[in-house]
Structures are given as structure tokens and as C-alpha cells.
Enquirer: 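The structure under discussion is supplied below as C-alpha cells; questions concerning it will follow.
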Amino acid sequence: MTEIDLSDSVTEEDTQKGRYLTFTLGKETYGLEIRYVTEIICIQAITELPELSEYLKGIINLRGKIIPVMDVRLRFKKDYCEYNDRTCIIVININEISVGLIVDGVSEVLSIDEKDIVDPPKINSTFQNGYIKNIGKVGSDVKLLLDCKKLLSEDELVEIDKAIS
Amino acid sequence: MSNYNSNDALLEVFIFELSQLINQLEEQILTNEKMNYYSDSAVNEIFRIMHTLKGSSVMMGFENISSLAHSMEDLFYYIRRDGGQAIDFSELVDILLECVDFLKVEELKIREGYSLEGENSELLKKIKNLIPTINKEIKVKKIPCNNEILFSPISSQKDENNADHFYQAHIRFEDEISMENMRAYSIVHNLREVQNEIYYIPLDIIDNPDSAKIICKNGFYIFIRTGCCYETINNILRKALFINQLDLIEISDAKEFKQQVELFIQEDLMDEKIEIIDEQRDNVFEIRNEKSLSMQQNYVSAQESSVSMQHSFFGTQENSVSVQQNNISSQNNHFSTQQNHNSSQQSIISVNVTKLDKLMDLVGEMVIAKAMVIQNSDLAGLTLNNFNKSARQLNKITAEIQDMVMAIRMVPLSTTFHRMHRIIRDMNKKLGKETELIIIGENTEVDKNIIEHISDPLMHLIRNSVDHGIEMPEERILKGKSKSGNITIEAKNSGSDVHIQIKDDGKGLDRKKILQKAKENHMLTKTEEDISDSELFNMILSPGFSTKEIITEFSGRGVGMDVVSTNIELVGGSVSVESIPEQGTTITLKIPLTLAIIDGINIKVGSTFYTIPTTNIKEFFRPDITNIIRDPHGNNMIMVRGQCYLILKLADLFEVKGASSDFSNGIMIMMEENEKIICLFADELLGQQQVVVKTLPDYILRSKKIKGISGCTLLGNGGISLIIDVAALLRLDV
């Protein structure tokens, strides 16, 4: 679990570059770099674990693999929304750590040109936009492009990096 | 160093072999130290170990290891020659152990991928100094050369077969690859499978480092009689690395072949005899370095230069046959305790542990898949006689496979136990104590993963026993005990656990001191009089707890016992301490046989499933409400057969929603761990299942360690069940 598989991400980078999986949370549309995405599954029975942060809903059984799932709504401090048949789990894999993200619904895979990607507004240092890496413009719509690594919480990822190095 | 990065697989094998050889060597040295005498078989065994070590380290390009092995070999040559008399044993053993330590450090370096810069000249010098002391006054008693054996190095079959072909191969290696002799040997080794008779020139490629130079100069000649065709032989030869030039000639008939071979050997023999007469055996070491090249103009001059002393000394015993056996005997060594294991040829292969882990995982998946099929909800309510019959068959086979896989992973504790000899020996020397180690039940087997976790704790416990427990010899005599102290390590099976007991007959734990220390550390929860011996003694397991005023090399920082308890708990075991003043201390480690698959009882609380290891369960019962007592703090207790137990509501503990809080609706599970008992209240009892333990995802473990849950498992229906860590629950609440 502590190895980084560089070879895969390098060879596949060309076809995956600039492509984003978009999903919805309430009214907003978010984008995830597609190279992190392993698969998308519908909502499953989640086994809850005690003592975890509210946004970590528990664990699921993905074909014999146990992976944790995180409710992105709760992660972004939005209201909890009852899961329905549109609710999806996006399984992402960062540095060999698989996590499922519970989202309202998955929209599509988009290619966004680099020129259409801008930095998020920087108003002051306390402004909380840590999870948003960039903002992508597609036609008249705006997609919020997520920083997957930050999503797994900064402190935790530092630890993960440490464990890897 | 040479190209060891490119050869990972080879390196892995080398490291495996190296560590095994080191262990073997250490064991040999220590058993012999006790007897104060090196028996022939022991010397031969050590000799063989050093020889294999030398060969393989030269092959891998680890020069400092090979040179050390070489000089150790020299040392044992002398010991062998004069029958192990006239040696200062303690000095010898010290040096040998120093060498072993050096090898251990080097092994670690190779493992970690560091370059080997270990300086061994100091050791080499020591060994050299030792040799003259052994060697003085001893004259050469016999001419240790048996040419008959020497010149038919490998010949597996003697019978003549007309279908055989005869070949003569002349090989030249690329320039400056070094260790030509070892590469040549590997070629011979490759050919071994197809050959009926094989001769090679130079003959002494294994023993004589100078043969590399000869090969370099003249090339390497092989004569082979084989049933295989030209193509096969050619292919085998071409497989070898770094070959520059290869001439393979078929010799038409047996007579000519014989003649050719004889011609070569004759030349060789002549030369050797001259050498043997010429050289003085006592100054081997000067001569080895000089090259006494006596070149001949003949075409057959491959062998002509310095037929080394070494060759003539060692040649008889150390030809390739013994090398071949080495690998086999080194693996058997696990199972042989004393020196008389003259390679009883068992068929043992070494397998990479990751492959076994993978196999284990797969079997785990299979067990779950089997449960999914047999307990499939689609089958509910149907009468399926034939299906049930087949299902039973499947059950039986999967259970057998599972047992077998577990058995493969089982390793006897003997290697771990025998390592303790060394620790005791070193400590005895340093502290001036006399301690004997007695090992009982070393053949008890434990899962490989668990063994890794218990060798450190064992070491700490042994150190503690010697340092704190065993008294100085004078003190022991005053007390009327035997002069030397005894430490007993005993392992035995008990149900699904293994109990390991470390027992010493020293002075025992000092209740007063521990009590005082406990007070200082504010660890006392009861009054001094109330606290029982066992409660108090178990406090020594907590971190930073040392009653020793002075920190020594061996103990006093209070880390050791903490390491013991954390390591043992990591594998789901437990530690308990007993002590009787002036009679000694006994520490018992209870360790589960295996971690991977356990028997468990599935229960349900709310909508979540939990699994409790069957070994922890004492009984289930429907609680009688009239027996439940509630104290002012809100704790519930229950009276069962006159005993009062604390009730733990799983729903409250794990904040499970939708669980029943009414005691009349659920079931009570009485659990025991370490003689502490607690009652767990759950909604529903689902049944018994063998479960495959999986750890929780790393992501969750990193963000928070969940108390009371040791892992999870998959249920027959694909759902997840959380495995309850009974020991942790008891710590949480009692």
C-alpha cells in the first residue's frame, strides 16, 4: 500500500490530461481529474464505524476490498441529504489509497482546455477554498475543479506522504 | 560493488541464503562452545557454511564478505587438521562471533540497499593472528591429497552408453568481468543436469581464486559426455553471462574423448605433484598472494600455473559435490538441533512469503465465496438434498485447503529460541553471571507473521531475566541455590493459543520497589494493602517503568517490557507476570496460533454486524431483568450465579442507531479475556462462522485508531462485520 505506481500514471497521462469527471452536489458542479478515478458505483450498504469524523460514513465492501467512504456534502459542510438512486460513490485512488466519495450524482466526463482553467479567487488568506484547485469554464457553466489530495484532508495526507517516503 | 542492482531476484535468494547461513553458523559456534570442543562433524559443517558463503558472495560481488569467509575457512582448515586441539576456545569463539556480527551487519546493509563498506581488515588480522597460535608445534601429518577423487569431479553415471555424444568446449569470458572462476563454475553447474560425465580445466575453480586469472588467460575448458545433442549443449552454454567466445567441438568417439581428457588431466596432475613437493605447507599465506606461475608452452597449459595449496588441501572434501549438498542441508537445519544432521535429504523448497500471503488471501476469498453460495438467500426454504450433499463436500474441501495453507505458514519456534543462546552468552560474559538456557517445546509451530513479532519481546524478557532476575554466582551460593542460574523458555499449545513461558530461578520481583515506583508514577488505583501481587507485577509492563536506578547497557530505561506488551498485543496476545520472592519470575506470553482466520460468533446491533472471536466467549444467555442492577453512575450490572458482572451496551459504546435498549429484547454475551469477564449486550445472535480477518482501510487507521475494533470481515451475504477486540474493550472499561 505504500508504493506509488508511477509508471501507470505516466503512460496514461496523455489520454487523461485535461479530462475531468464532473459530478453534482446540490446546485454546483464539481470536477475531478480523471486519472484519480477508479470507478463509479451506485450507493451501497455502508457499515458505520464508531469514533470517526462525521463525513467519514464508514466502510463498504467493493468486491472483497474494504474501502472507506466519505460523504462529500458533509466534507464541504453542506447539509446532509438522504441518499437516493441517483446517489453515486466515486472510487478514487490516490497514492494507492482507495477512498469512495459519496456525491449527489455523476454528470459526465469533460475535456477542459488549459486556457479555460483559471485560479480560484484569492480574497484573503482566511478565505476557505482549500479543496478547490482551479475553476474551469465550459461554455457558460462553471465547474469547480477539486484538489483530490486536499480532499483527503491536509494533515492526513502529510502523514500519508510520510509513510510513503 | 558490482552489478547487484540489476539482479534483484538473485539478490533476494542470496540474502535469504546469507541470513540462513549466518544463523546456522551462530548456532554451530554456540553449541560447540558449550562442549568446549569442535567435533569433526561440527567443523565440517562450519566449513561447508563458510564455503557456500564464500562462493555465493563472490558470485554477487560482495568482496568483504567473501574475504572474511575465506579467512574463516582457513582458520577451520587448521582446526580440522589438528583435530581441534590446542586452541584457546574463548578467544576463538569471541572472534568467530565477531565475524558473525560483522556478517549480520553486512546482511542488513545489503537488505537496505546500502553499499558495503564494512571494514573487515581488523577481523582478518585477528584471524590470522589466531592461526599461528593454533598452528605452532603442529607438523603436517599427511599429504592431504587424493588425486583419484580430485580428478573425477563430477560423474554421475559410470556406465558406457553408445548413444552419448562427446564435446569439448572452450570458453573465453569478456575482459575484466572478474570472478571468472565463479562464472565458470556456474556454467558447470548449468551443465550438471544434462551431463553423464564432465571434466573441466582448471579443476580448482571453486577453491582457488587464482584460477580466475588462468581462465582469463587461457580460457576455460569443459569436456562433457552427454546424451544431449549439440544444439542443447550449445544453448546451455550460451545462456551463461559475459561469454565472449565459445568453441564447442564434438569429439567423435569415446576413445578419443578419453584420450583428450586424460591428456589434460595428466598435464594437470604432473604439475600439481611438482607443486606439492615444492611448497611448504606452513607458509600458505605468503604463498597464496604470490603467483607462482609456471607456464608451459603446451596447448594444454590452461592449468599450469599455481595449482594452489588450497586445492590440494581442500580438494578432497570440498569438491563440487559437497557444495551441491550445502543448499539442501542449510534448509534442513531448521529442524535439526544438534550437530549430527548430516544432510538428511528432505525435499524442502523455499517460497517467497508474499506468495504465501497472496495464497492466504485467495483462500480467504474462497471461504467467503463458499459461504455466499451455500448460504445464498435464493436457496431459503427449498429442499435441496443433492445440493446439500455437494455443499458438505465443498465445505470439507475448503476447510482442508484452509488448514493446509495455514500449516504451510507455520514455522517452528526453534530458530527464535536458539537465538537466545547468544544473548545469554554475551550477557554472562559482560555481567559475570552464570546462566543456563533451557529450551522446552521448541518444535511448537506458530504463524510466520507472529514469529516476527515475538522475537523482540523474547529478547527483552531474556535480558531482563539475566540482568534483574539471576543473581551473581556468589550470591546464589550464599542463598543455597545452584551456582549457575537457569532460564527456561517453554512453548506449548493450548487450544488456539500458544503459551510461551520464560521462567528464571532468580530473586523474583521486589514488591516494595514496584509499589514505590507505582506510587511515584501515580499508577495506584487502590490502597497499598488492597493491591494484589499479580496486579502489581503486571504494572511492570507499562512504559517507562523501571525500578533499576542505574541505566545499564542491558536495561533500566523501562522500554523493554513496554516493547514486550505492545508487540504481543499487536498480534492479539497477552502477557502476564508471576513472581515468587527468591524463587524466580515467570512471564507467560499467550499468543494466537494464527491471525488470518478465526472462529467467530456473529451478532447484530442496530443494522451493524459484529463478530466476536469464539475463544473469548464464555456463554450467551437471555438476561433476566430482575437480576440487572443499575448503579448511580448509570452503569448496569448483572448477577449471574451469585457473581456480579459489568454490562457493556455495544449500541452505546459504538453509538449505533436503531438498537434496542431494552434488556428484555436482546441477548447477553459473557466474554472473557485474561481472566477478566464482562457482559456484552447485543440485539441478536446470528450464528457461528469462520471469518477471514481483514484490517480496516489504511485511510481510516491513519486518521484515527478505533478502540475496541480489531478489524473487519466479510459475511456470507457480502456485508461487512466488525471484529470486536475483547481485550481492548476490557481495558476500555475496567
Side-chain angles (χ1 to χ4, degrees), chain A residues 1-4 36 38 41-42 44-71 74-75 80 82-83 89 91-101 148-164, chain B residues 354 357 361-369 371-372 604-611 649-659 691-725 728-729 732:
Chain A
M1 291 303 277
T2 54
E3 275 173 45
I4 321 169
Y36 293 123
T38 317
I41 49 176
C42 14
Q44 301 200 344
I46 298 171
T47 304
E48 289 182 21
L49 284 171
E51 295 183 49
L52 288 183
S53 326
E54 194 193 8
Y55 60 82
L56 272 179
K57 295 304 282 183
I59 48 181
I60 58 165
N61 170 16
L62 182 67
R63 292 186 304 276
K65 259 185 154 179
I66 311 279
I67 60 167
V69 287
M70 174 195 288
D71 190 325
L74 299 177
R75 182 78 173 122
Y80 173 74
E82 198 66 38
Y83 300 148
I89 299 177
V91 181
I92 59 170
N93 186 326
I94 297 177
N95 296 348
E96 295 297 308
I97 289 182
S98 290
V99 178
L101 304 175
C148 272
K149 292 185 179 171
K150 288 246 177 74
L151 204 60
L152 302 192
S153 147
E154 285 164 65
D155 324 344
E156 283 153 20
L157 211 87
V158 170
E159 276 171 40
I160 290 166
D161 280 341
K162 254 190 237 159
I164 288 162
Chain B
T354 49
D357 286 344
D361 279 354
L362 282 172
V363 171
E365 304 271 307
M366 190 177 74
V367 171
I368 292 163
M372 280 182 189
K604 192 177 174 188
V605 178
S607 57
T608 318
F609 300 96
Y610 296 91
T611 302
K649 273 183 164 177
L650 213 53
D652 293 352
L653 185 71
F654 291 153
E655 291 155 12
V656 187
K657 293 174 209 95
V691 297
V692 182
V693 180
K694 289 179 181 266
T695 50
L696 291 171
D698 281 10
Y699 179 66
I700 286 177
L701 289 179
R702 286 206 182 103
S703 64
K704 187 153 195 191
K705 191 152 170 43
I706 298 167
K707 291 189 197 98
I709 290 178
S710 59
C712 54
T713 183
L714 296 179
L715 295 174
N717 60 12
I720 299 172
S721 171
L722 304 172
I723 297 169
I724 290 178
D725 183 350
L729 278 191
L732 219 65

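Keep in mind the model is a prediction, meaning the values are calculated, not measured. A, B, ... follow the sequence lines: proteins, then strands. Residue 1 opens every chain.
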Enquirer: Distance check, rounded to the nearest 0.5 Å: B:Ser607 atom OG versus A:Ile46 atom CD1?
Expert: 11.0 Å
Enquirer: Could you check B:Cys712 against A:Ile59 for side-chain contact (heavy atoms from CB on, under 4.5 Å), going step by step and ending with a plain yes or no?
Expert: CA-CA 10 Å; B:Cys712 54; A:Ile59 48 181; 4.2 Å; yes
Enquirer: Side-chain contact, heavy-atom cut-off 4.5 Å: B:Leu714 with A:Ile66?
Expert: yes
Enquirer: Report which part of B:Ile720 has an atom under 4.5 Å of a heavy atom belonging to chain A: side chain, backbone, both, or neither.
Expert: both
Enquirer: Between A:Gly58, A:Pro68, A:Ala45, which has the largest tally of heavy atom pairs under 4.5 Å with chain B?
Expert: A:Pro68
